[in-house]
Amino acid sequence: MTVSLIAAQFLSGLTTAMFLFLIASGLSLVFGVMRVLNFAHGSFYMIGAYMTWQVMQWLQPAGASFWLAALAAGATVALLGGVVERLLLRHLYGQEELYQLLFTYALVLILGDAAKYIWGTGQLSVHRPPVLDGGFHLLGTTLPFYNLFIMLVGPAIAIGGGLLLSRSSAGRLLRAAAYDREMLGALGGNVGMLYTGMFVVSSFLAGLAGALITPIVSVVPGMDVQVIVQAFIVVVIGGLGSFWGTFWGAVIYGLTLSFGILAFPEFSLFSVFALMAVVLMVRPWGLFGRPIR
Amino acid sequence: MSIQLSRPPAARPPASRPPAGPPLARPALPAIRRVPWTLLVFLLLLPLPWIGSRYNTFLGTEIVIDALFAVSLNLLLGTTGLVSFGHVAYFGIGAYVCGILMKTYGVSFAIAFPAAGLGAAAFSVVFGYFCVRLTKIYFAMLTLAFSQIIWAVCFKWNAVTGGDQGIADVPFPNMHWMAAIPGAEQLSENGRFYLLTLTLVALSVAAIGQITRSPFGRMLTAIRDNRERAAFIGLNVRAYELAVFVVAGGFAGLSGALYGIFTRGVFPDYVFWPKSAEVMIMTILGGMSFFWGPPVGALVLVWLNQEITNYTQYWPFVLGTMLLVLLFALPGGVLGGIARLAGALQRRVARRDA
Amino acid sequence: MLEIHGLHKSFAGFRAVNDVSLTVESRQIVAVIGPNGAGKSTFFNLITGHLRPDGGRVVLGGRDITGLPPHRICGLGMGRSFQLTNIFPRLTVLQNVQAALLAHRKRGRDFWSRSELLFRDDAEALLRSIGLAAVAGAIAGTLAYGNQKQLELGIALASDPSVLLLDEPTAGMSAGETHETISLLQRIAEERSLTLLFTEHDMAVVFRVAQKIAVLYQGRKLAEGPPEAVRANPEVRRVYLGEHA
């Protein structure tokens, strides 16, 4: 157990964590405000990844610009989210929560196959933006600049998002909505626009996360399902609906996974679900969530 | 038939009751409820191996097994209002228990089958105990977590479960005794297995039906409608939820056992969460507020799956679209739609007669 | 019949119920009144087991029921109606009452009978006594508000309680409906020798029906006594009744 090994696992875990935080934050926010657990969040992430690859293909002759592609991907997914919410999801709000969940699952099925149809089943890859190529040595291990970038973007969004929620009027509305939807509507707050906006922002985050992962991970079918499960675990640990909870939940999850694989390579699959189960049994509202009756 | 009101021990003067009037003008049991539906369906489906093709028998077996799985889920979903995302755990456990016993240890079906149900029930007691302490989304997520723990164990425990390869070549049960049944000696093994499955499933469905109709079942629907009120008519809500969780788990285990034999193998896929989604869609497709909704849903879904996958690989897309249509246009499922149609027709006839 | 001793409950430092004691004699009709936020609902929830008291005792018929879960307390002879109508919306009116009867008579473990056939006569008799016989076959969720409240009462009565707690039984009712409800309650209480404890905002109802009134204010019991004494109590007048008295 050398320092460099520990350092390597730590950094790898942190990268995973920050990246999962980016994804899970949108999931958690939507649940906190709208009480909808969006299974399709992973699909949005996947579309973001595919779109990034696609835009870079289109831009190829002109000289690839990763950042442009990433933003375009985020915007596309945000648009997709807005359309989905406005046209479809909103009609299910009055109904049983189960129907809303099944709706998002239907989206998973549809978007998954749509991606397969458009982009095929092969692995696609995207090159790192040249400005972030290479890495540096730290504690006996190499940290790629790109990973460092991810590790910084995560907290940046956390701080930005946290400030936005606590300081702005939109944020106040959001927190009010989380407490009492009906009251908010009665007070004249435009709940409809709030929900749409919420969903759009959440989708943007998912799409952006998908875009940013492409230099590290290949874009393949199945990445939607693989990430949503992890996002679920993160929000359960942190507390459904809590922004900071998601942050720390991601950190715990990332590091547990990273060091867990080291200690028990056979049990990594088992341990993440076990972690989720333990949290739900002992403290179902997670670290930062509100205790539920 | 007059029943004395029971009285608590403290002496109180007997309450004066208003004179008994005529019974409220409604039959206690409307005609539609008196029909022995399970028996009818059983008799209807019985001739399949003789009159249908091998393919149809095959399909029929799968539908019947899935119907039991879905009916067991609906005990939780439609009857008690418990949304479980992890029901597949018990299906898978049943499949593995039966498969392992029959293949690895050569145990006969007659023992392996009930063992599968009991094994699944045992796990559902343990898991259920923790799950019923939670409600709504948290309950759902814990059921999911437990089911995926089972999946992970099945996936990794090569020695016992065969790991990601699963257990292949699960044998058919010994069905030579069926030659004694008139007309059955000419049937293939598939045909006989269909008959065996149909019988076992019919018995199970009948049992679940009786449970649903019983006072216990009435307590469950009360819990579904209003948990708080149910506690304040004297029900220990958690105990009831745990009880139905175990019953549902046990029957799911039985359906899993049959499935493992049907597919001649048991694989970790059987415990993977998309299968939970599949059975839930089946249940809602047919109509979760109807007892026969889930079997209808199983019929439609399995048949559709077969037909569509013959033409295209994009079955998930079709399933997703169908689910959307269901949620927006037909929330009561197929039977719900039929009920609405029947109601509308009835009103139209009544108006014409008036 | 029902003794409450020094009940306390705090939520995150806020004392919702503060050292409240009350004795209700057998067959008495007692009202608990107080402005909004006085702690009436919390008080009821503490008695019926929906909340655990931080301190104090509740004794029903000589038996300590403090901290017992609601279903046990119900089984010991306490019935309750809720402020927000709490019925089984997808069951029919008859099935609502049948369910309560089945639960009370401990038939929940019966897997063999058909639930619709059990205790039908008793359920119908009960519905007749509260005036809901005409809608026995209707789905409870489709009933008018007033009928739902009647059904709520019916469900509570089906558990054959000796003490009945009613949380604002005439809330949201017109004058006519209130009159009918109160007459019904008085008749039922008489027929079944019930002890009644209820909260109310409608002072006319309170003074017409209650034999004893307890006044809660900011979690404490401000006054207790026969209606006239309470009405004349200067503290109560100042805090609650204001110019209505």
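Lettering follows sequence order; numbering is per chain, from 1.
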Hey, does the side chain of C/Asp110 reach the backbone of B/Phe216 with a donor-acceptor pair shorter than 3.5 angstrom?
no
Residues of residues 45-52 of chain C contacting chain B, heavy-atom criterion under 4.5 Å, by residue number:
C/Thr48, C/His50
Please collect all side-chain hydrogen bond (donor to acceptor under 3.5 Å, both in side chains) contacts where either partner lies in residues 67-77 of chain B, sequence neighbours excluded, each pair once.
B/Ser72-B/His87
Distance col, row C/Leu91:CG vs B/Arg218:CZ, nearest 0.5 angstrom, shows 5.0 Å
So, does B/Ser214 use its side chain to make a donor-acceptor pair with the main chain of C/Trp112 at under 3.5 Å?
no
Report which part of C/Leu126 has an atom under 4.5 Å of a heavy atom belonging to chain B: side chain, backbone, both, or neither.
neither
So, for C/Arg90 and B/Ser289, which heavy atoms are closest and what is the spacing to 0.1 Å?
NH2-CB, 3.6 Å
Distance-only, no hydrogens or angles: does the B/Asn226 side chain make a donor-acceptor pair with backbone N or O of C/Ile87 under 3.5 Å?
yes
All heavy atoms of C/Ala99 vs all of B/Met219, minimum pair found to be O-CE, 3.3 Å
Among C/Arg80, C/Arg72, C/Glu190, which residue forms the greatest number of heavy-atom pairs with chain B at distances under 4.5 Å?
C/Arg80
Given that the side chain runs from C-beta out, which part of C/Glu152 has a heavy atom under 4.5 Å from chain B: side chain, backbone, both or neither?
both
Counting heavy-atom pairs under 4.5 Å with chain B, the top scorer among C/Ala100, C/Gly75, C/Pro89 is C/Pro89
Report, by ascending residue number, the residues of residues 229-239 of chain B in heavy-atom contact with chain C at a distance under 4.5 Å; give 'none' if the set is empty.
B/Arg229, B/Ala230, B/Ala231, B/Phe232, B/Ile233, B/Gly234, B/Leu235, B/Asn236
Can you tell me if B/Gln210 uses its side chain to pair, donor with acceptor, with the backbone of C/Phe111 under 3.5 Å?
yes
Which residues satisfy the side chain to side chain donor-acceptor pair (under 3.5 Å) test with B/Arg224, sequence neighbours excluded?
none
Would you name the heavy atoms of C/Ser113 and B/Pro215 that are closest together and state the gap between them?
O-CD, 3.5 Å
Counting neighbours of OH on B/Tyr129 that are heavy atoms of other residues, nucleotides or ligands and sit closer than 6.0 Å, is the number greater than 12?
no
B/Tyr240 to C/Arg109 - nearest heavy-atom pair and separation:
OH-N, 4.4 Å
Under 4.5 Å from any heavy atom of chain B - which part of C/Ser159:
side chain
Can you tell me if C/His8 has over 12 outside heavy atoms packed within less than 6.0 Å of its NE2?
yes
Ranking C/His71, C/Lys106, C/Gln98 by heavy-atom pairs under 4.5 Å to chain B gives rank one to C/His71
Whatever's closer than 4.5 Å to a heavy atom in chain B on C/Pro69 counts as neither
Over 12 foreign heavy atoms within 6.0 Å of CZ, B/Phe245:
yes
